There are 2 protein chains.
Amino acid sequence: MEILNLLLYLGKRGAIAKPVTITTSKMGSKLGISQQSISRWLITLEKDGMISREKGIRSYFVQITPVGKKYMQEKRNELNEIFERSGKIVMRGKVVSGMLDGKYYMSLKKYSEKIKSRLGFKPYPGTLNIRLDTIDDSQCKKKLCAMKGTEIPGFRRGGRTFGSVRCFPCRISGVKGAVLIPERSHYGLEVLEIISPFNLRQRLKLSNGDDVKVKVIVG
Amino acid sequence: MEILNLLLYLGKRGAIAKPVTITTSKMGSKLGISQQSISRWLITLEKDGMISREKGIRSYFVQITPVGKKYMQEKRNELNEIFERSGKIVMRGKVVSGMLDGKYYMSLKKYSEKIKSRLGFKPYPGTLNIRLDTIDDSQCKKKLCAMKGTEIPGFRRGGRTFGSVRCFPCRISGVKGAVLIPERSHYGLEVLEIISPFNLRQRLKLSNGDDVKVKVIVG
DNA sequence: ATTACTACACTTCGAGTAT
DNA sequence: TATACTCGAAGTGTAGTAA
């Protein structure tokens, strides 16, 4: 058993901030090893100063110590460095139909001209919508949402407000484009809206349900 | 040996993007185990589909496969979630004098009213500037810069453009405030601009050179 | 020089079981 | 109910050595 997995189990239950209730058998079945082994591992982790324990009536209160936290943070930093250095966020998903509103917005001069000046291309009037299938892919979009990207400011016209949009230059199956994150979107984390100088459906011969790979270069 | 450590060693050498040259004895001495054990582990990892290998003349070319990459990403996501959930960025620095432009901007109604509506407080007209001393603290600011935060839009007046500003609610020595990240700032990564409903210098009895702690709650 | 086999020590595993 | 002990099996470690 990798001790990181043990700490991960505890950390997910909040054991970094406060003592949490655990039983060795639940923990074992969750991690795929026996109750006995968990018991032994907790004793070892305690000896090594990674966790502290206090016996409850029919369970233990376990907390991750600063030593344990430091160990986890080291691994986290190493992993983050490796993946951030490569500086790519890759998402996979399936082509789906949009609500045609992307087409409308991208045909507005105020948007398309700003995009031209900020991203260096005039967007084809329309967006390609991609449904992200796995949780990992949605997490990637969440990460994008938390980043700044290239902002295309909103505007008002005839009493109506058109919200701002953030863009993240990307490659979709090798073709230049950008992921669109509207300030106010109809879609959740599971749908990616893509613009491109090209009509992507035509250019990549895409139909609904086709698999595509979107690569965003970050940093 | 935790297999994550093996993948970490390879990942640090760039084995996610391309095959890298390694020898079992170097890898072993770096990881603190024998050449023989590394040899056996690499065979195991290859069998498990985590890495691919090709024999060179006096070394191996090793690359992490998509399976191995996925394993690493899972661990990374789990760790990031655990630490991001706790959601605090803490920075330390010393109070320094600003250029008095913060005072000017915060006295503009367009800004202060928007801040009132978005952050829930009317900013004292002035910013507290903090010089971040360590690289770690600057890295924290960099992380903030890459996040979205609460956006206060810019505006135009009399032909002049006032840029937008992003805010991150924070506590400074326990007092409510917000870190300001102007779209176009005079300051680099090493200076933090803070606003608050209070005159922080008065309220916290601060003089230039005093140490302060800024805690930003994220997520 | 390298990798990786064999052999054997030591560690970690789960089942049974005491508490 | 829970934890954690003993003990035989399986896994992981290094040394020696072949290729």
Side-chain angles (χ1 to χ4, degrees), chain A residues 1-15 18-65 67-68 71-72 74-75 78, chain B residues 1-15 18-65 67-68 71-72 74-75 78:
Chain A
M1 174 56 46
E2 310 208 356
I3 71 165
L4 184 66
N5 287 156
L6 300 164
L7 293 172
L8 243 22
Y9 176 92
L10 297 170
K12 276 184 201 161
R13 262 138 270 260
K18 58 181 196 308
V20 293
T21 312
I22 59 116
T23 72
T24 51
S25 48
K26 268 193 208 127
M27 189 167 168
S29 65
K30 181 81 178 180
L31 292 176
I33 64 175
S34 68
Q35 171 270 319
Q36 293 90 331
S37 293
I38 294 293
S39 171
R40 203 166 29 208
W41 273 113
L42 292 180
I43 293 167
T44 307
L45 286 178
E46 192 176 21
K47 250 186 217 145
D48 294 347
M50 302 282 245
I51 63 169
S52 60
R53 298 196 297 169
E54 204 175 326
K55 195 154 175 51
I57 179 69
R58 50 179 79 260
S59 62
Y60 259 102
F61 297 103
V62 178
Q63 180 161 15
I64 295 171
T65 63
V67 175
Y71 178 85
M72 294 170 79
E74 273 170 17
K75 296 300 163 201
E78 291 178 76
Chain B
M1 175 56 47
E2 309 209 357
I3 71 166
L4 184 66
N5 288 155
L6 299 164
L7 293 173
L8 242 23
Y9 176 92
L10 297 171
K12 277 183 200 162
R13 263 138 271 261
K18 60 184 195 307
V20 293
T21 311
I22 59 118
T23 73
T24 52
S25 46
K26 268 193 208 129
M27 189 166 169
S29 64
K30 181 81 178 180
L31 292 175
I33 62 175
S34 67
Q35 172 269 317
Q36 292 89 334
S37 294
I38 294 293
S39 173
R40 190 158 50 192
W41 273 113
L42 291 179
I43 292 167
T44 307
L45 286 178
E46 191 176 22
K47 248 185 219 147
D48 294 348
M50 303 281 245
I51 62 169
S52 60
R53 296 197 297 169
E54 204 175 326
K55 196 154 174 52
I57 180 66
R58 50 179 77 259
S59 63
Y60 259 102
F61 297 102
V62 178
Q63 180 160 16
I64 295 171
T65 63
V67 175
Y71 178 86
M72 295 170 79
E74 273 170 15
K75 297 300 164 202
E78 290 177 75

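Values below: every heavy atom of this structure, side chains too, minus hydrogens, waters and symmetry copies. Source: prediction; values computed, not measured. Naming: A, B, ... by sequence-line order, numbering from 1 per chain.
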By side chain to side chain contact (heavy atoms under 4.5 Å, CB included), which residues pair with [X], not counting sequence neighbours?
X	answer
A/Glu78	A/Glu74, A/Lys75, B/Leu8, B/Lys12
A/Ser52	A/Gln63, A/Thr65
A/Thr23	A/Ser25, A/Lys26, A/Ser59
B/Ser34	B/Gln36, B/Ser37

Heavy-atom pair of closest approach, residues B/Ala15 and B/Val20: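 Scanning both residues completely, I find the closest heavy atoms to be CB-CG2, 3.6 Å.
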Grab the [atom1]-[atom2] distance between [X] and [N] for me, whole Å please.
X	N	atom1	atom2	result
B/Lys26	C/dA1	NZ	P	12 Å
A/Glu2	C/dT12	CD	C1'	14 Å
B/Met1	C/dT12	CE	P	12 Å
B/Leu6	D/dT12	CG	C1'	12 Å
A/Ile3	C/dC13	CD1	C1'	17 Å
B/Trp41	C/dT3	CH2	P	18 Å
B/Ile38	D/dT12	CD1	P	13 Å
B/Phe61	C/dT2	CZ	P	14 Å

Touch class at under 4.0 angstrom, heavy-atom based, for A/Ser39 against every strand present: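 If one applies the 4.0 Å heavy-atom cut-off, A/Ser39 turns out to touch a base.
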Sugar-phosphate only, base, or nothing, as touched by B/Thr23 at under 4.0 Å among non-hydrogen atoms: sugar-phosphate
Phosphate-side-chain proximity, A/Ser37 and C/dT12, N/O vs OP1/OP2 below 4.0 Å: no
Side-chain N or O of A/Arg53 closer than 4.0 Å to phosphate OP1/OP2 of D/dA2: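 Answer no for this pair, as no side-chain N or O of A/Arg53 is under 4.0 Å from OP1 or OP2.
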Pairing residues for B/Glu2 by the salt bridge (charged side-chain N to carboxylate O under 4.0 Å, His left out) criterion, not counting sequence neighbours: none
Helix axis bend for the helix from C/dT2-D/dA19 to C/dT19-D/dA2 - C1'-based end axes, five pairs, 10° rounding: 40°
Result of checking B/Ile43, B/Leu31, B/Ile22 against B/Ile38 for side-chain contact (heavy atoms from CB on, under 4.5 Å):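 With B/Ile38 as partner, B/Ile43, B/Leu31, B/Ile22 yield a single side-chain contact (heavy atoms from CB on, under 4.5 Å), made by B/Leu31.
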Show each protein N/O and nucleotides 7-9 of chain D N/O combination with a separation under 3.5 Å, one pair to a line.
none

Intermediate values then yes/no, side chain to side chain contact (heavy atoms under 4.5 Å, CB included), B/Thr24 and B/Trp41: CA-CA 10 Å; B/Thr24 52; B/Trp41 273 113; over 6 Å; no
Criterion side chain to side chain contact (heavy atoms under 4.5 Å, CB included) on A/Met50 and A/Leu6, from CA distance to verdict: CA-CA 10 Å; A/Met50 302 282 245; A/Leu6 300 164; over 6 Å; no
Note, B/Tyr71 side chain near B/Ile64 side chain (heavy atom, < 4.5 Å): no
Working for side chain to side chain contact (heavy atoms under 4.5 Å, CB included), residues A/Val62 and A/Thr21: CA-CA 6 Å; A/Val62 178; A/Thr21 312; over 6 Å; no
Stretch residues 29-36 of chain A: residues that reach within less than 4.0 Å of DNA chain C through a heavy atom: A/Ile33, A/Ser34, A/Gln36
CD1 on B/Ile3 to OG1 on B/Thr44, rounded to 0.5 Å: 9.5 Å
Qualifying salt bridge (charged side-chain N to carboxylate O under 4.0 Å, His left out) pairs with a residue from residues 36-54 of chain A, counting only residues at least two apart or across chains: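 For residues 36-54 of chain A, and leaving out neighbouring residues, the salt bridge (charged side-chain N to carboxylate O under 4.0 Å, His left out) pairs sorted by first residue read A/Glu46-A/Arg53.
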Verdict with supporting geometry, B/Tyr60 and B/Leu42, side chain to side chain contact (heavy atoms under 4.5 Å, CB included): CA-CA 10 Å; B/Tyr60 259 102; B/Leu42 291 179; 5.9 Å; no
Contacting residues from residues 43-52 of chain B, given that a heavy atom lies under 4.0 angstrom of DNA chain D: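 Residues of residues 43-52 of chain B under 4.0 Å from DNA chain D: none.
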